[in-house]
Amino acid sequence: MKRNKVLIIGGGIAGLSAALELSKLGLESIIVEKEKNIGGYASQFACKANIKCVKCGACIVHEKIQSVINRENISIYTKSSLKDIKKVEEKKYNVVIEKNMDCDSEKAEISFSINAVVMAAGFIPFNPKDKPYGYQKFKDVITNLDLERILKSENILKRLSDNTLPEKIAFIQCVGSRDSTLNHLWCSKVCCPSALRMANLIKAHQNVDITFFYIDIQSFGKDFLNLYPELKKNMKMIRSIPSDVIEDENGKLKITYFDNTNKKSIDEFFDIIVLSIGITPNKDLNNIVDAIGLQINDFGFLNKSIFVTGSITGPMNISETIGSAGITALGIYNYLKV
Amino acid sequence: MKRRILIFGSGEQSVKVANKFVQNNFEATIISNELHKYSELNSIKFINKSEIISAKGFIGNFTISLKTENDIIDEKADIIIIAEEYLINNNLYNLVSSNFLYNLSDFKNKIDYFSHDFLNNKTIAFITGINEESWTYVLKDILESCLKLQSIAKLKTFVFTKNLKVGYEGIEKLYRLTKESGTFFFKFTDSTPKITNTNDSKVLIEFIDEIISQNFKLTPDITVVDYKVTSNPYLQKIAEVLKLNLDEYGFIQTDNVHRLPIFTNKKGILVAGNSRCVQSDEENNADIDNLISESISLFNGYSQDSKLKANVNYGRCAKCLTCYRSCPYGAIIFDEKIIIEKESCYGCGICSSSCPARAIELDTNDNSKFTYNLFNSKLHGDANITKDDIYVFCCERSACKAYKSAISLNLKIPSNIKIFEVPCTGSISTNEILYAFNNDALGVLILACHEQNCHSEIGNIYSKKRINYLQKYLEDIGINKERLIFKTIASNMAHEFIRIINGFKEELKIENIR
């Protein structure tokens with residue numbers, strides 16, 4: 001049992017949690033991560049507590065990273081990818097890992113054999129540049145992921161274009177989610193909690209008006225029923241998704257939306273616009289998926305199995321991802337035990 | 001010998017848990033406070049109609065006393081699992097019960113028994129999330145019911161809601177499918193539909209269609225209302241006896257990310273599914289795998305035991321029971337004298353700092369005669385002590401991690417700071433803070449976890465109270481109280497760590513303290 005090795009593809013919160021659970025069960029795992037650091041998107045998230053913890057889980061990700069680094073039976077290859085995988089026999093694969101992908105002169109390949117593979121390669125954030133919201137065209141249109149990174153290092157949010165303090169911020173939800181024109185017929189479910197918590201945090205630190213454009217607010221967390229009425233009070237909630245964003249000559253961002261209450265189209269100006277971009281499937285994996293016999297569902301996410309964990313199976317928040325690691329760990333443990 | 005698992009539960013969840021434990025080579029016994037509805041299964045041992053009255057022991061060696069119908073019995077266990085069912089509150093809209101009204105929890109099981117003739121040409125309204133925000137699994141039941149009804153007969157289905165809860169796998173698509181196949185959805189933002197009874201006990205829904213701004217009245221042939229899930233009241237009793245913390249809704253497991261997914265404040269007692277929160281079946285199943293995985297790990301040589309353990313100096317102990325009451329992990333018992341269960345102790349030090357007789361110290365677990373105190377705790381930063389020093393007491397779980405992260409990110413660490421790594425800010429006593437001032441500290445900063453993020457649940461709260469009290473005391477003895485502050489931080493916030501310290505240094509400069 002001790003000699004069994006599990007290859008984990010992806011060093012985000014899903015891969016790290018799976019590795020830690022496997023490690024506790026006495027199984028050795030090898031994490032392959034394409035980025036420079038482990039932790040994935042969730043490691044870029046800010047703590048959203050305003051004195052009181054709001055249970056976003058960002059700190060837990062940081063703690064998992066620390067534990068993985070200190071664990072003896074977990075090895076980590078960063079800036080690496082799985083170049084080749086071949087099934088030799090049941091519960092035995094030969095793999096080739098390419099190391100130092102980013103640097104041609106230092107590129108190296110290593111080969112070894114493993115006994116099981118766990119796919120934990122996560123999601124791809126929706127790229128909103130093709131939506132009419134001016135992302136990458138107007139500097140002050142940012143995504144929720146950009147905002148997470150900013151709030152992780154700054155306590156005051158400023159306009160990226162001119163470093164001034166914003167007076168009005170808009171959040172636009174469901175960018176790339178629940179969108180039939182894209183055939184994205186799913187709710188990404190992590191954006192309501194993340195955007196509402198970040199909006200609340202910004203309000204606590206600076207004097208700013210926040211407008212929140214949404215379709216339906218999704219319930220989240222144990223405390224949602226208490227929390228949501230509080231969060232709502234601090235901002236203007238508009239149940240409408242804006243048609244477009246235009247920057248005027250003064251650098252203000254104009255949002256046009258249909259006001260259902262008054263039945264008319266309204267133009268409103270903002271200093272910063274945050275797009276809550278959705279979770280989309282990681283499609284960059286077809287060769288691996290075939291090699292280990294995984295299945296892709298109608299949406300492009302992977303079907304759930306013990307060999308697949310985290311948001312590669314569909315939108316998942318941090319706590320759910322941690323929870324799903326137990327399924328994988330127990331599954332693999334029993335699979336290799338027999 | 002097989003490890004023994006005791007499972008508290010009276011429904012399906014407890015059987016699922018027990019079966020999976022049995023499959024994984026554990027011995028499982030279910031304890032039910034009623035007659036367990038699956039008690040005829042013979043793969044599992046059931047103890048029916050029995051209520052927990054007392055408990056002692058620790059992981060690997062628990063003894064639970066149960067009051068059964070005609071006896072009191074003791075049961076041994078290596079691990080205890082809480083897997084009780086939730087309760088359903090169906091009466092969210094104050095409607096009188098009648099043949100025209102169904103509760104969603106019953107209705108979905110009854111659809112198969114409805115005849116085509118009964119359903120044909122009927123108008124059926126579903127009400128969800130109107131008086132209180134709802135959850136995705138409720139919507140899932142409604143959407144599936146609508147589709148099923150549509151397939152049985154020609155009828156009209158309506159859904160009345162505020163926020164449509166589609167945040168679950170496949171629900172958005174199911175919603176669209178339901179809409180396309182003829183169900184009408186009315187979503188309310190600015191208004192709330194009025195739901196009352198007519199004189200003949202039918203349900204009357206008066207509402208505004210917000211899109212066309214028109215008033216409507218509907219008297220459906222059948223109205224199906226959603227339900228609210230509440231915690232099982234028996235959890236209170238279990239928690240009281242086992243010294244477990246409840247959340248404010250009566251579920252076992254506080255709303256604290258350190259308890260995810262299945263942990264309680266007591267080692268060796270785990271909680272699953274609807275005993276810990278309201279969640280989907282799929283998440284309940286994930287909990288079960290986590291229970292098994294954790295239980296195997298615990299007896300597989302895996303240990304994450306803390307370095308420090310509380311230790312009582314009996315010569316000093318006055319048996320005041322302050323420690324007993326303050327221990328967040330249920331690790332202190334009183335049996336003629338105070339006994340600290342090392343197996344349950346996390347070494348947070350709350351008992352030690354709370355003890356009025358200073359009779360409890362933190363020792364290392366390995367009998368190396370090392371006694372923890374602040375000034376042999378891990379000190380980071382410049383070892384030379386100067387009178388411009390700021391003493392920063394950092395919780396090892398949050399602030400200290402943020403400090404280390406600041407170093408690895410090459411952030412500029414402010415000068416003249418002494419970082420003391422403490423197991424929990426709840427372990428810092430007034431004596432230690434006064435000692436810091438006595439040692440010529442310019443300022444003292446306590447950096448704790450955010451409220452509700454303390455692994456020891458109450459360590460940060462105790463610490464905050466202690467600091468508030470000390471600030472007043474400092475003034476009385478002529479020390480500027482601004483020299484002592486309490487702040488909270490998360491482990492992943494390196495930049496904030498630097499900001500807080502620089503901010504404090506700035507304050508001290510402005511105050512021109514010395």
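Note that the structure is predicted; figures quoted are calculated from it, not measured. Just so we're on the same page: letters track the sequence lines, and every chain starts at 1.
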Looking at [X] and [Y], what are the two nearest heavy atoms and their distance?
X: A:Lys52; Y: B:Gln452; value: CE-NE2, 3.3 Å
X: A:Cys59; Y: B:Val257; value: SG-CG2, 4.1 Å
X: B:Glu133; Y: A:Ile217; value: OE1-O, 4.5 Å
X: A:Ala58; Y: B:Asn492; value: CB-ND2, 3.4 Å
X: B:Ser297; Y: A:Leu25; value: OG-CD2, 3.5 Å
X: B:Arg397; Y: A:Glu63; value: O-OE2, 3.5 Å

- Would you check if B:Lys187 and A:Ile215 make a side-chain contact, meaning some heavy-atom pair closer than 4.5 Å? yes
- Item | Heavy-atom check, side chain of A:Leu330 versus side chain of B:Lys20, under 4.5 Å | yes
- Segment of A:Asp298 engaging chain B (4.5 angstrom heavy-atom cut-off): side chain
- Item | Pair A:Lys222 + B:Glu248, salt bridge at N-O below 4.0 Å | no
- Task: Using a strict 4.0 Å threshold on nitrogen-to-oxygen distance, state whether A:Arg239 and B:Glu210 make a salt bridge.
- Result: no
- Message: Checking B:Asp289 against A:Tyr333 for the side chain to side chain donor-acceptor pair (under 3.5 Å) test, could you report, in this order, the C-alpha distance in whole Å, the side-chain angles of both residues, the deciding distance, and whether it holds?
- Response: CA-CA 11 Å; B:Asp289 282 14; A:Tyr333 176 82; over 6 Å; no
- To the nearest 0.5 Å, atom OG of A:Ser219 lies from atom NZ of B:Lys165 at 3.0 Å
- Item | Residues, nucleotides or ligands: over 12 heavy atoms within 6.0 Å of A:Lys152 NZ | yes
- Selection from A:Thr261, A:Val54, A:Ile65, A:Asp223 maximising heavy-atom pairs under 4.5 Å formed with chain B: A:Asp223
- Item | Top contributor to chain B contacts, counting heavy-atom pairs under 4.5 Å, from A:Gly323, A:Ser153, A:Ser23 | A:Ser153
